[in-house]
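Taking it in order: structure first as structure tokens, then the write-up.
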Amino acid sequence: MDFSPDPHEEAFRQEVRGFIAESLPPELALRTRLDFRPRREDMQAWNAILYRRGWSAPSWPKEYGGAGWSPVERHIFADECASADAPPLSVFGLQLAGPTIYTYGSDAQKRLHLPGILSGEVFWCQGFSEPDAGSDLASLRTRAVRDGDEWIITGRKIWTTQAHFADMMFCLARTDPEVKPQRGLSFFLLDMKAPGVSFRPIVTLDRAHEVNEVTLDGVRVPGDGLVGEINRGWDTAKFLLTHERTFSAHVPKSRRALKRLKAIAARERKDGKPLADDPSLRRRIAEVEIELEALEFAVYRALSDKSGTSTVSAILKLRGSELEQKLTSLIIEALGARALRHWQDPSLDDALSNTIFDPDNEPGAMGTHLFLRAATIYSGSNEIQRNIIARQLLGSDAAAGRSRA
Ligand SMILES: Cc1cc2nc3c(=O)[nH]c(=O)nc-3n(C[C@H](O)[C@H](O)[C@H](O)COP(=O)(O)OP(=O)(O)OC[C@H]3O[C@@H](n4cnc5c(N)ncnc54)[C@H](O)[C@@H]3O)c2cc1C
């Protein structure tokens, strides 16, 4: 790729920046800035604003209603959104379900599902993991049995992010128990309000309710809920997981965290001097900044690589999640005891309106730090990503071959 400054890209950045400055409601930006867990209504409001501008799906091709931007334009857009504290959009709809449906779905599925994902009116969740199938995803036990024109799905999914406010789930279920584990899986789209779907909240270390255990008890899915060919769900899932990990680098989010870290270091004092003067902290901030620059270039390379190999996305996921954790650890270290003293429960929707606090106390920092312990687990654990890199990049046969690759 050519990284020399480009007048078109600079003009594009200014256009995006101007639009966000005019259109992003300040209360949405404040919640994001304070690291409160994104609510459905926040994501939906921002999605609707972008949708009206034709910008809700930067990575989708124009023919499906996407912005049709180049990799660099997408990156600039994400960067500007993060630095303006725009709320995140639905990863499960826009980045996972949508691209899977327009790549593998039928015309009828595209017509039925893509408009709701684009406009942000329909929320999705990802039903892959099960109590006994996480890294070894191919061993999942949820069964789908054909009954006339319909499928009947029975099983348990776990760690299902945002299932409590999702309208639809994409999931993997076993349609043939007799063949090799990867061969007998199919990819389904199911309605979360269908009879037989129930969920139990799981409250994580940060005291927030973001993930759930979902029970599917004889859920009837119409025949057109099957995406792609029967028993070929593993191929669809591999496409989706590679997509998931390419976005897991979270460079714009980490850039925002770095900016915040520097602001805290300039504001806080140690032994009467600004914390930013502390040589040990300065060195570690410089280290994470260098790592972030390197990761950003790796993301550009991955985005411009049409082959979309899973090795590159495994590297991005690995480095991106480690960097997120380093940054929040440094933020907590810089805030010291204040991080704990001012920690606000992120699941309290009214925390903002009911509490009088100073945003400089960073009430969301501790919750984010604790939640991001999971970043090296979700989207495929980092140990598994190391196995993929060992096997595909370094040519080691030692790593077994049916996990979340
Ligand atoms: C906050 C959060 C949100 C999530 N959201 C979703 C979601 O929306 N949808 C969804 O489907 N899933 C979701 N997940 C699940 C996530 O994908 C799994 O937790 C992950 O794949 C690991 O699976 P597991 O928890 O079953 O751990 P296990 O697979 O049991 O692994 C346990 C430990 O053993 C290690 N390990 C396992 N196998 C190997 C191996 N072959 N080599 C080396 N080490 C190994 C793992 O790295 C891990 O450290 C979420 C998880 C979290 C924590």
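Remember, it's 1-based here, ligands and their atoms both numbered in the order they're listed.
Contacts of Asn387 with ligand 1, taken as heavy-atom pairs under 4.0 Å, involve the side chain alone. With a 4.0 Å cut-off on non-hydrogen atoms, Asn382 does not touch ligand 1 at all.
With respect to Lys259 and Glu289, no salt bridge is recorded, no charged nitrogen being found less than 4.0 Å from a carboxylate O. Glu130 and Lys157 are joined by a salt bridge, as a carboxylate oxygen and a charged side-chain nitrogen come within less than 4.0 angstrom of each other.
Checking only distances, Thr161 does come within under 3.5 Å of ligand 1, N or O to N or O. The N/O atoms of Gly127, backbone and side chain alike, include none that comes under 3.5 Å of an N/O atom in ligand 1. Annotation: Ser135 places an N or O atom under 3.5 Å from an N or O atom of ligand 1; distance criterion only. Ligand 1 has an N or O atom lying under 3.5 Å from an N or O atom of Glu383, backbone or side chain. Geometrically, ligand 1 and Glu130 share no nitrogen or oxygen pair separated by less than 3.5 Å.
Between Phe199 and His164, the ring planes are tilted. Angles from 30° to 60° get that label. Note on ring orientation: taking the six-membered ring where Trp is involved, the planes of Trp55 and Phe12 are tilted (angle from 30° to 60°).
Set against the non-hydrogen atoms of Ser381, the atoms of ligand 1 under 4.0 Å away are 46 (C), 47 (O). Proximity to Ile384 (heavy-atom distance under 4.0 Å) selects the following atoms of ligand 1: 38 (N), 39 (C), 40 (C), 41 (N). Under a 4.0 Å criterion applied to the non-hydrogen atoms of Ala374, ligand 1 contributes the atoms 1 (C), 53 (C).
A cation-pi geometry, defined here as NZ or CZ lying under 6.0 Å from the six-membered ring centre and within 45° of its normal, does not hold between Arg232 and Phe187.
For the residues Phe371, Phe128, Tyr378, the heavy atom positioned nearest atom 52 (C) of ligand 1 is part of Tyr378. Between atom 25 (O) of ligand 1 and the options Trp159, Phe92, Trp124, Phe170, the minimum heavy-atom separation is to Trp159.
In this structure, the side chain of Asp6 engages the main chain of Glu9 through a donor-acceptor pair within 3.5 Å.
Side-chain contact of Asn231 with Thr175: a donor-acceptor pair under 3.5 Å is present, judged by distance alone. Residues Gln325 and His369 have side chains that never bring a donor and an acceptor to within less than 3.5 angstrom of each other.
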